[in-house]
2 protein chains.
Amino acid sequence: MPVAPPPLTRLPLNALRAFEAAARTGAFTLAAAELGVTPGAVTAHVKALEERLGAALFERQARGVRLTALGLAAVEELTGAFDALAGAEARLRALALPREVHIATLPAIAQLWLSPRLPALRAAAPEISVSITALEAPPNLKRSLHDLSLFPAESGGRLVAEDEIFPVCSPALAARLERVEDLGSVPCLSDTAWDRDWEVWLAAVGAKVAVRGPAFSLYALAVEEAVNGAGVLMGHGPLVAGHLARGVLVAPFAQRVPIGQGLRLWSARPMPKGSAAARVAEFLAYGWPT
Amino acid sequence: MPVAPPPLTRLPLNALRAFEAAARTGAFTLAAAELGVTPGAVTAHVKALEERLGAALFERQARGVRLTALGLAAVEELTGAFDALAGAEARLRALALPREVHIATLPAIAQLWLSPRLPALRAAAPEISVSITALEAPPNLKRSLHDLSLFPAESGGRLVAEDEIFPVCSPALAARLERVEDLGSVPCLSDTAWDRDWEVWLAAVGAKVAVRGPAFSLYALAVEEAVNGAGVLMGHGPLVAGHLARGVLVAPFAQRVPIGQGLRLWSARPMPKGSAAARVAEFLAYGWPT
DNA sequence: AGCTAGGGTCAGGAAAACTTAGCCATGCCT
DNA sequence: AGGCATGGCTAAGTTTTCCTGACCCTAGCT
């Protein structure tokens, strides 16, 4: 417990970053996830910082923490500074590695929408190296090192594909489905992240059927199961288009329900005209420019 | 030599800071001094960064380094970000330790001007803890953690005392000096940092005397020597005022030469009204407010 | 009670950072 | 030319930081 004031040395950068993340996210656990470390590491950083400052930044509560007045007063400026730093860092990377493009997207989109388009992209621009990171949620644009984010959203960014939902299944299974009510008698697959899909679609088509079936945490896995005839899946237009085109999945019912959001593409930072990121974005949005 | 692109992990903060300092100062040695580490540490940081980026940031030359185009393109934004970070850090400290005031100044000023004023300051505001750092040159205002900087300058900040120079010596020695020309026959002390003082004064009074004598790297030491009768020193008004008042030093010649600069006080960041830093600045500039 | 979420703590080990000491090339100064 | 100073590089070794993994603790649910 050093009571004497600490000498005039800089505060550790990593501790400041940990504090900022914790303050912004409101929880050590979330901060730890963002920084890619364990919560214990964040605890230690914040503790070290508080010890150096001789004042508490958080009030510890049984569940979770709350910023003290001091912490609150300090976060905003720190957040701005780290935002600026992340921007500078990203720009530095982009300048040093001008042929690298990093895309962040949902696992399902990565496998079912993006992946099928990559061969054409590679063929058209072999010098560009595209890497894809699957995330459960869109990254903080001011912080992420990704150049592009591709996520379902209602607005913002550039619309790449409208989303609409409708049941899909293997052709064999489709033969057993004549009316919407028949869905009650077959397994109805669902994705845990999109667990309201069935509800929404059934309501939209005015059907009152109780559907049930296994839930998957990976949409791509549910699609595979549907292909294998394991049941009927609520398809998302852009994600099952390929399977429908190849005929391995079919849509037994005509009603397609728009869900008011589409696949949208953002860039975290302005992309210089002609940069690799800008070209990839162009390709994803419109196909390769002629 | 990893040719494969590195995974999408953050660049190390400390390496970025080292690079930024090196780029801004133009030399690894200066950056090392600023960061308070050895040059080897900076070398290592920059090298690590370059390796991560797969591109050179500096061109190594026989003496010194030069930024590459990439380095040049990246510095500015990084500098801004680290400036912001330093600002946030300083504010955080100030909020956490509202009674601490850090002053940066020249060693001579610290000993001869500031130090004599501290007892009154402490008496008037005992709750404020003032710490003083002696630096050879004014710190970078956007970066330093000091609250106040007190340095000789021609403009800027708040003028605290005009500077003027004139010979001073012990009363005994003064008895042997009648005309300016007599200076040629006694040791004339000088400070290595202010080595043109004699030249300036002699030119201003229109004298053509060759003065010689020992040089000191610490002005306060030269003052002590002058008090001990070791020779005549070129006195700086604010710094010898105390000794003149006590009679341990006298000015054998009347001519005082203003040198166009004064002791000036800056604050690195805006000081909230009533803050400890603001009160100390007030005291130093005007004496304690009634 | 038992469970869960969110932190705190501690020991140990990995990685980063720093220092020291010596080396090298260049250019300035005699 | 020789000597010296400058500024950076390198290798070895050490200290410090950082992180993990395992476990404890508390409050609120069920």
Side-chain angles (χ1 to χ4, degrees), chain A residues 1-2 6-7 9-53 55-68 71 75 82 89 136 192, chain B residues 1-2 6-7 9-53 55-68 71 75 82 89 136-137 192 217:
Chain A
M1 296 292 118
T9 56
R10 261 174 279 265
L11 300 174
L13 284 185
N14 291 321
L16 284 174
R17 175 161 62 177
F19 161 65
E20 189 275 338
R24 179 164 37 79
T25 60
F28 287 13
T29 348
L30 292 180
E34 177 175 310
L35 299 174
V37 298
T38 55
V42 175
T43 303
H45 274 310
V46 172
K47 207 178 138 203
L49 199 52
E50 290 180 317
E51 211 151 289
R52 281 287 303 273
L53 291 172
L57 294 165
F58 289 98
E59 282 170 27
R60 269 66 170 186
Q61 294 172 329
R63 295 169 72 108
V65 289
R66 261 198 33 203
L67 279 172
T68 60
V75 196
F82 277 110
E89 180 184 346
E136 295 303 326
T192 48
Chain B
M1 296 292 120
T9 56
R10 260 173 280 264
L11 299 173
L13 283 184
N14 292 321
L16 285 173
R17 174 161 63 179
F19 161 65
E20 189 276 337
R24 178 165 39 77
T25 60
F28 286 14
T29 6
L30 292 179
E34 177 174 309
L35 299 174
V37 298
T38 55
V42 175
T43 302
H45 273 311
V46 172
K47 207 178 136 206
L49 199 51
E50 289 178 321
E51 210 150 290
R52 279 289 303 271
L53 291 171
L57 293 165
F58 288 99
E59 280 170 30
R60 268 67 171 185
Q61 293 172 330
R63 293 170 73 107
V65 290
R66 261 197 34 202
L67 279 173
T68 59
V75 197
F82 277 110
E89 179 183 347
E136 296 304 325
T192 47
S217 66

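Residue numbering restarts at 1 for every chain, and letters A, B, ... go by the order of the sequence lines.
Taking 4.5 Å as the limit, every side-chain heavy atom of B:Leu67 sits out of range of all side-chain heavy atoms of B:Glu59. Residues A:Asn14 and B:Asn14 form a side-chain contact, since some pair of their non-hydrogen atoms from C-beta on lies under 4.5 Å apart.
Checking D:dG8, D:dA5, C:dG7 against the side-chain heavy atoms of B:Ala27 singles out D:dG8 as nearest. Side chain of A:His45, nearest nucleotide from D:dA5, C:dG8, D:dC19: D:dC19. Listed nucleotides: C:dG8, C:dC18, C:dG27. Nearest to the side chain of B:Thr38: C:dC18. Here D:dT20 is the nucleotide among C:dG7, D:dT20, D:dC9 with the atom lying nearest to any side-chain atom of A:Val37. Taking every side-chain heavy atom of A:Ala41 into account, D:dT20 is the closest of C:dT9, D:dT20, D:dG7.
Per the geometry, CG belonging to A:Leu30 stands 8 Å off P belonging to C:dG7, to the nearest Å. Distance CG (B:Leu49) to P (D:dC9): 14 Å, rounded to an integer number of Å. With rounding to whole Å, A:Leu16 atom CG is found 14 Å from D:dT17 atom P. One atom, CZ of B:Phe28, and another, C1' of C:dT19, lie 18 Å apart when rounded to the nearest Å. Taking atom CZ of A:Arg10 as the reference point, atom C1' of C:dA17 lies 15 Å away to the nearest angstrom. Rounding to whole angstrom units, CD of residue A:Glu34 and P of D:dC19 are separated by 14 Å. Rounded to a whole Å, the CG atom of A:Leu13 is 13 Å from the C1' atom of D:dT17. B:Glu50 has its CD atom 13 Å from the P atom of D:dG8, to the nearest Å.
Contact annotation: A:Thr43 side-chain N/O to C:dG8 OP1/OP2 distance is under 4.0 Å. Dashed line: the shortest gap from a side-chain N or O of A:Lys47 to OP1 or OP2 of C:dT9 is under 4.0 Å. B:Asn14 has a side-chain polar atom (N or O) that falls below the 4.0 Å cut-off from OP1 or OP2 of C:dA17. Close to D:dC9, at under 4.0 Å from its OP1 or OP2, lies a side-chain N or O of B:Arg60.
No engagement by A:Val42 is indicated, since no non-hydrogen atom pair under 4.0 Å with the nucleic acid exists.
Of the charged side-chain nitrogens involved, at least one lies within less than 4.0 Å of a carboxylate oxygen, so that A:Glu20 and A:Arg24 count as a salt-bridged pair.
In terms of the ring pair (Phe, Tyr, Trp, His ring centres under 6.0 Å) criterion, A:Phe82 has no residue partners (sequence neighbours excluded). For B:Arg60, the side chain to side chain donor-acceptor pair (under 3.5 Å) criterion is met by B:Glu50, not counting sequence neighbours.
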